[in-house]
S.K.: 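I'd like to ask some things about the structure below.
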Amino acid sequence: MTCALVTGGSRGIGRAICLKLAAMGYHILINYRSNLDEANLTLAALREQGGDGELLPFDVGDKDAVVRGLSAWLEKNTDKNIEVLVNNAGIREDALMSWMTDEQWENVLRTNLDSIFYVTRQLLQPMLANRYGRIINIVSLSGLKGVAGQVNYSAAKAGVIGATKALAQEVGRFGITVNAVAPGYIRTDMTEGIDEKQASQMIPVRRFGMPEEVAHAVAFFASREAGYITAEVLSVNGGLYS
């Protein structure tokens with residue numbers, strides 16, 4: 001059985017990615033940290049559309065939790081193969097740098113950047129052994145251009161972009177591609193505090209994106225047909241920045 005692991009898959013962009021990959025025929029591993037109710041809603045939604053999956057809870061920013069959670073799953077599921085990894089989990093704790101606390105810096109770097117290393121490292125050996133894999137990292141417009149009030153988030157996402165490009169060089173000869181998708185303003189709970197009507201005036205297509213549009217980009221990178229595309233960052237931002 002071929003599987004796809006989506007970190008932060010319980011809601012928003014993560015949920016849309018789970019549903020899209022399930023429609024492609026993957027058994028979905030829905031990772032979440034604490035929101036069991038939302039994770040169950042995602043699982044129910046993908047089963048309703050004819051797919052299937054399971055919940056895989058752990059904190060992606062906690063190295064020991066990642067190792068425990070993924071090692072236990074791999075040992076119990078020798079008949080399953082994780083072909084696709086989507087590193088989607090992330091948080092924001094915005095503040096101007098002069099007012100940013102150590103905790104705000106550390107929390108955002110740990111969850112958005114350290115997690116990529118912890119989770120990907122655990123799954124890389126099986127992918128190398130199988131000589132196939134698709135790794136897709138969800139980054140951000142903030143990591144490409146920088147955003148005031150998001151020094152921590154911009155630094156983390158820029159770091160993920162660098163890691164994406166470097167890892168792609170290491171594993172390409174083994175049939176593994178590593179790419180990133182960089183959303184702009186997407187209509188999720190992370191943008192609820194933003195005046196959409198006003199912000200849309202800055203966007204050439206004059207609207208916020210939908211989670212399903214990000215999921216479509218992820219599905220493209222996850223496909224076998226995208227095997228000659230690696231180390232790329234695909235912006236999904238309505239033309240706001242390129």
Side-chain angles (χ1 to χ4, degrees), residues 1-36 38-43 45-47 51-90 111-139 160 163-164 167-168 171 174-181 211 214-215 217-224 226:
M1 181 182 291
T2 54
C3 304
L5 168 61
V6 181
T7 68
S10 64
R11 55 199 173 101
I13 290 173
R15 175 177 292 167
I17 293 170
C18 287
L19 292 171
K20 186 70 173 180
L21 294 178
M24 293 171 65
Y26 284 103
H27 179 85
I28 308 299
L29 308 181
I30 305 165
N31 164 259
Y32 68 99
R33 183 177 65 177
S34 58
N35 200 330
L36 175 61
E38 290 295 323
N40 275 322
L41 286 175
T42 300
L43 183 58
L46 66 87
R47 285 176 173 167
D52 202 2
E54 59 192 275
L55 305 184
L56 189 56
F58 58 80
D59 180 354
V60 295
D62 182 332
K63 179 180 67 175
D64 293 335
V66 171
V67 171
R68 283 196 306 271
L70 287 177
S71 295
W73 188 90
L74 290 168
E75 288 172 9
K76 286 171 56 180
N77 294 276
T78 54
D79 59 327
K80 296 176 183 174
N81 175 35
I82 299 177
E83 280 192 354
V84 176
L85 166 62
V86 183
N87 287 304
N88 167 73
T111 303
N112 294 281
L113 179 59
D114 293 352
S115 63
I116 303 295
F117 174 67
Y118 298 147
V119 176
T120 306
R121 182 177 59 175
Q122 281 294 110
L123 299 182
L124 206 50
Q125 285 302 324
M127 287 184 180
L128 290 168
N130 292 323
R131 301 188 72 85
Y132 184 84
R134 296 285 185 265
I135 299 169
I136 302 108
N137 299 321
I138 306 302
V139 291
V160 176
T164 298
L167 182 59
V171 300
F174 298 101
I176 302 168
T177 63
V178 190
N179 292 289
V181 174
V214 180
V218 171
F220 166 67
F221 280 138
S223 69
R224 289 185 175 269

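Only this structure's heavy atoms are used, side chains among them; waters, hydrogens and symmetry mates stay out. Here, residue 1 is the first one in the sequence, and each next residue gets the next number.
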S.K.: Just wondering, do Y132 and P126 contact through their side chains at under 4.5 Å, heavy atoms?
M.R.: no
S.K.: Give the minimum heavy-atom separation between L56 and G69, together with the two atoms involved.
M.R.: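 Closest approach of L56 to G69: CD1-O, 4.2 Å.
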S.K.: In sequence, state the C-alpha distance, the side-chain angles, and the governing distance for L128 and N130, and then conclude on side-chain contact (heavy atoms from CB on, under 4.5 Å).
M.R.: CA-CA 5 Å; L128 290 168; N130 292 323; over 6 Å; no
S.K.: Stepwise, does the side-chain contact (heavy atoms from CB on, under 4.5 Å) test hold for N87 with V119?
M.R.: CA-CA 8 Å; N87 287 304; V119 176; 3.8 Å; yes
S.K.: Rounded to the nearest 0.5 Å, how far does CG of L85 lie from CD of Q122?
M.R.: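 If we round to the nearest 0.5 Å, Q122:CD and L85:CG are 11.5 Å apart.
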S.K.: Does F58 reach the side chain of L70, with side-chain heavy atoms less than 4.5 Å apart?
M.R.: yes
S.K.: Once you round to the nearest 0.5 Å, how far does CD1 of I28 lie from CG of L21?
M.R.: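 Reported to 0.5 Å precision, the distance equals 5.0 Å.
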S.K.: Provide the full list of side-chain hydrogen bond (donor to acceptor under 3.5 Å, both in side chains) pairs with a residue in residues 19-32, sequence neighbours left out, each pair given once.
M.R.: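 Of all non-adjacent pairs touching residues 19-32, those that pass side-chain hydrogen bond (donor to acceptor under 3.5 Å, both in side chains) are Y26-E83, H27-E54.
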S.K.: Once you round to the nearest 0.5 Å, how far does CG of L74 lie from CG of N81?
M.R.: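 It is 9.5 Å, given to the nearest 0.5 Å.
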S.K.: Any donor and acceptor pair, going by atom type alone, linking the side chain of D59 with main-chain N or O of G61 inside 3.5 Å?
M.R.: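 At least one qualifying donor-acceptor pair exists.
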S.K.: Does some side-chain heavy atom of I138 sit less than 4.5 Å from a side-chain heavy atom of I17?
M.R.: yes
S.K.: Nearest heavy-atom pair of Y118 and V66: which atoms, and what distance?
M.R.: O-CG1, 3.6 Å
S.K.: Is T164 reaching over with its side chain to a backbone N or O of A180, donor-acceptor style, under 3.5 angstrom?
M.R.: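 Between the backbone of A180 and the side chain of T164 there is no qualifying donor-acceptor contact (under 3.5 Å).
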S.K.: For the side chain of S71 and the backbone of R68, is there at least one donor-acceptor N/O pair under 3.5 Å apart?
M.R.: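 Side chain of S71 to backbone of R68: no pair is present.
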S.K.: Provide the closest heavy-atom pair for R134 versus G175 in the form atom of the first, atom of the second, distance.
M.R.: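 Looking at all heavy atoms of both residues, the shortest contact is NH1-O, 3.5 Å.
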S.K.: Just wondering, are more than 12 heavy atoms of other shown residues or ligands nearer than 6.0 Å to NZ in K63?
M.R.: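 For K63, atom NZ is not crowded (no more than 12 foreign heavy atoms under 6.0 Å).
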S.K.: If I take atom CG from residue N40 and atom CG from residue N35, how far apart are they, to the nearest 0.5 angstrom?
M.R.: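 It comes to 9.5 Å.
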S.K.: Report yes if the side chains of V218 and I13 come closer than 4.5 Å at any heavy-atom pair, otherwise no.
M.R.: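 Counting from C-beta outward, V218 and I13 never come under 4.5 Å.
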S.K.: Does the T42 side chain pair with the main chain of S10, one donor and one acceptor, at a distance under 3.5 Å?
M.R.: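 Yes; judged by distance alone, with no hydrogens or angles, the pair exists.
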S.K.: To the nearest 0.5 Å, how far apart are CG in D62 and OG in S115?
M.R.: 11.5 Å
S.K.: Let's go through L124 and I135 carefully: what are the C-alpha distance in whole Å and the side-chain angles of both, what is the deciding distance for side-chain contact (heavy atoms from CB on, under 4.5 Å) to 0.1 Å, and is it a yes or a no?
M.R.: CA-CA 9 Å; L124 206 50; I135 299 169; 4.0 Å; yes
S.K.: Give me the atom names and distance for the closest heavy-atom approach of L5 to L123.
M.R.: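 It is CD2-CD1, 3.7 Å.
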S.K.: If you compare all heavy atoms of G53 against all heavy atoms of L46, which two are closest, and at what distance to 0.1 Å?
M.R.: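 Shortest heavy-atom separation between G53 and L46 comes out as N-CD1, 3.7 Å.
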S.K.: Using the rule given for side-chain contact (heavy atoms from CB on, under 4.5 Å), can you reason through V139 versus V181, listing the C-alpha separation, both sets of side-chain angles and the distance that settles it, and then say yes or no?
M.R.: CA-CA 6 Å; V139 291; V181 174; over 6 Å; no
S.K.: Would you name the heavy atoms of G9 and C18 that are closest together and state the gap between them?
M.R.: O-SG, 3.7 Å
S.K.: So, R15 side chain and E38 main chain: donor-acceptor pair closer than 3.5 Å or not?
M.R.: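 Yes; at least one donor-acceptor contact below 3.5 Å.
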S.K.: Can you tell me how far the CG atom of N137 sits from the CG atom of N88, to the nearest 0.5 Å?
M.R.: 10.0 Å
